[in-house]
There are 2 protein chains.
Amino acid sequence: MKKIDILKKLRSSGLRPTKQRVEIAKFLFEREKTFHFTVESLNKLLTKKSASKIALATIYNTVHAFKTAGHLSEVEVRGNKTYFDTNVSNHHHFYDSDTSELIDIDSNDIIIQKIPKAPNGKKIKNVEVFINLIN
Amino acid sequence: MKKIDILKKLRSSGLRPTKQRVEIAKFLFEREKTFHFTVESLNKLLTKKSASKIALATIYNTVHAFKTAGHLSEVEVRGNKTYFDTNVSNHHHFYDSDTSELIDIDSNDIIIQKIPKAPNGKKIKNVEVFINLIN
DNA sequence: TTTCACTTTAGAATAATTATAAACTATAAA
DNA sequence: TTTATAGTTTATAATTATTCTAAAGTGAAA
């Protein structure tokens with residue numbers, strides 16, 4: 001994803017392309033493969049990579065802004081930290097609690113044959129499958 | 001579950017049946033239906049119910065001891081708090097993020113037809129399905 | 001009974017996240 | 001091109017969930 005597209009991406013979702021947002025967006029979206037991270041890990045990687053220090057609060061703000069805009073998804077995983085995923089399409093995850101690592105599973109690689117209906121007046125928003133791994 | 005069984009349950013898993021553990025165990029296991037809770041909600045309910053106050057740290061200790069003993073399961077759910085479940089059999093969940101409520105789904109009510117194989121040297125521990133609800 | 005390893009407890013410590021409020025800045029309008 | 005302002009960043013404080021600590025308490029084996 002090129003810089004011009006990054007700017008478009010931000011502007012089209014009503015986010016001013018500030019220096020910090022552009023830097024974070026470039027880091028997150030200028031890559032081929034899906035990227036999973038926590039705010040803590042992202043902070044470390046950004047600190048390492050760039051000269052200008054971005055405040056931790058800004059990273060929280062930005063990640064949540066990107067999530068709200070649909071540019072990131074939040075992954076439900078046991079544990080204390082919240083994981084985010086640059087893959088925003090509908091998909092599933094392996095979770096390796098040993099290394100705290102998430103691995104994407106394409107939604108076509110899991111087929112669910114039978115599913116219960118939603119309770120009383122509720123609708124099904126989505127179905128998430130976690131395959132927990134062990135050594 | 002009767003008191004004598006509570007005592008057996010504790011002793012058989014190497015847990016001394018102290019006043020606090022028995023009280024918590026009675027509260028959790030003397031019921032027909034599955035019970036989902038967080039440490040916070042359990043603390044509130046116990047405080048309301050009983051005269052003698054149990055320290056929050058004891059509730060944490062006890063819940064984890066019960067989990068280690070296999071009397072409770074921990075549920076992976078988005079959010080900051082950790083949920084526990086008195087249903088320790090293999091099963092799935094509806095999750096209503098609106099009310100932060102979990103509802104059990106019997107493992108027979110979901111049939112998964114196709115599943116990817118585990119990556120490089122890892123094995124599949126278990127598969128958990130979350131059906132997220134919306135109004 | 002006595003003893004001691006196991007427990008409980010209050011409160012401190014830690015860790016992740018959110019709130020606050022002042023300084024800064026992108027951008028729309030003059 | 002300046003100006004005004006709403007949106008943004010920042011350091012720091014506050015909050016929340018959880019774990020740690022160390023002292024006091026207690027089941028149960030001998």
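We name chains A, B, ... by the order of the sequence lines, and we start the count at 1 in each one.
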Next on the checklist: Nearest whole Å is fine: how far is D:dT10 P from A:L46 CG?
Outcome noted: 11 Å
Next on the checklist: Between P on D:dT8 and CG on A:L56, what's the gap in Å once rounded to a whole number?
Outcome noted: 19 Å
Next on the checklist: What is the separation between atom OH on B:Y83 and atom P on D:dA17, rounded to the nearest whole Å?
Outcome noted: 11 Å
Item to check | A:H64 side-chain N/O to A:T62 backbone N/O, donor-acceptor pair under 3.5 Å | outcome: no
Item to check | Atom-to-atom span, CD1 of A:I54 to P of D:dT9 - whole angstrom | outcome: 9 Å
Item to check | Interatomic distance where CG belongs to A:N43 and P belongs to D:dT10 [whole Å] | outcome: 11 Å
Checklist outcome for this item: Between B:V39 and B:P17, the residue closer to the 5' end of DNA chain D by nearest nucleotide is B:V39
Checklist outcome for this item: Contacts of B:I59 and B:R16 projected onto DNA chain C by closest heavy atom; the upstream (5') one is B:R16
Item to check | Between D:dT19 (C1') and B:K81 (NZ): distance, integer Å | outcome: 17 Å
Next on the checklist: Under a 3.5 Å threshold, yes or no: a donor from one side chain and an acceptor from the other, between A:D85 and A:H91?
Outcome noted: yes
Next on the checklist: Looking at A:F35, is its backbone amide N or carbonyl O close enough to the side chain of A:T86 to form a donor-acceptor pair, meaning the two atoms are under 3.5 Å apart?
Outcome noted: yes
Next on the checklist: What is the separation between atom CD on B:E40 and atom P on D:dT18, rounded to the nearest whole Å?
Outcome noted: 8 Å
Item to check | Aromatic plane relationship, B:F66 with B:F29 - under 30° parallel, 30 to 60° tilted, over 60° perpendicular | outcome: tilted
Next on the checklist: Applying salt bridge (charged side-chain N to carboxylate O under 4.0 Å, His left out), can you list everything that pairs with B:D96, at least two apart in sequence or on another chain?
Outcome noted: A:K122
Checklist entry - Is the number of heavy atoms from other residues, nucleotides or ligands under 6.0 Å of A:K117 NZ greater than 12? => result no
Checklist outcome for this item: The first and last nucleotides of DNA chain C lying within contact of chain A, meaning any atom under 4.0 Å from one of its heavy atoms, run from C:dA16 to C:dT27
Checklist outcome for this item: Judged by nearest nucleotide, the residue sitting upstream toward the 5' end of DNA chain D, B:T18 or B:A57, is B:A57
Checklist entry - Would the number of heavy atoms belonging to other residues, nucleotides or ligands and lying under 6.0 Å from NZ of A:K49 be above 12? => result no
Item to check | Rounded distance (Å) that lies between atom P of D:dT16 and atom NZ of B:K44 | outcome: 11 Å
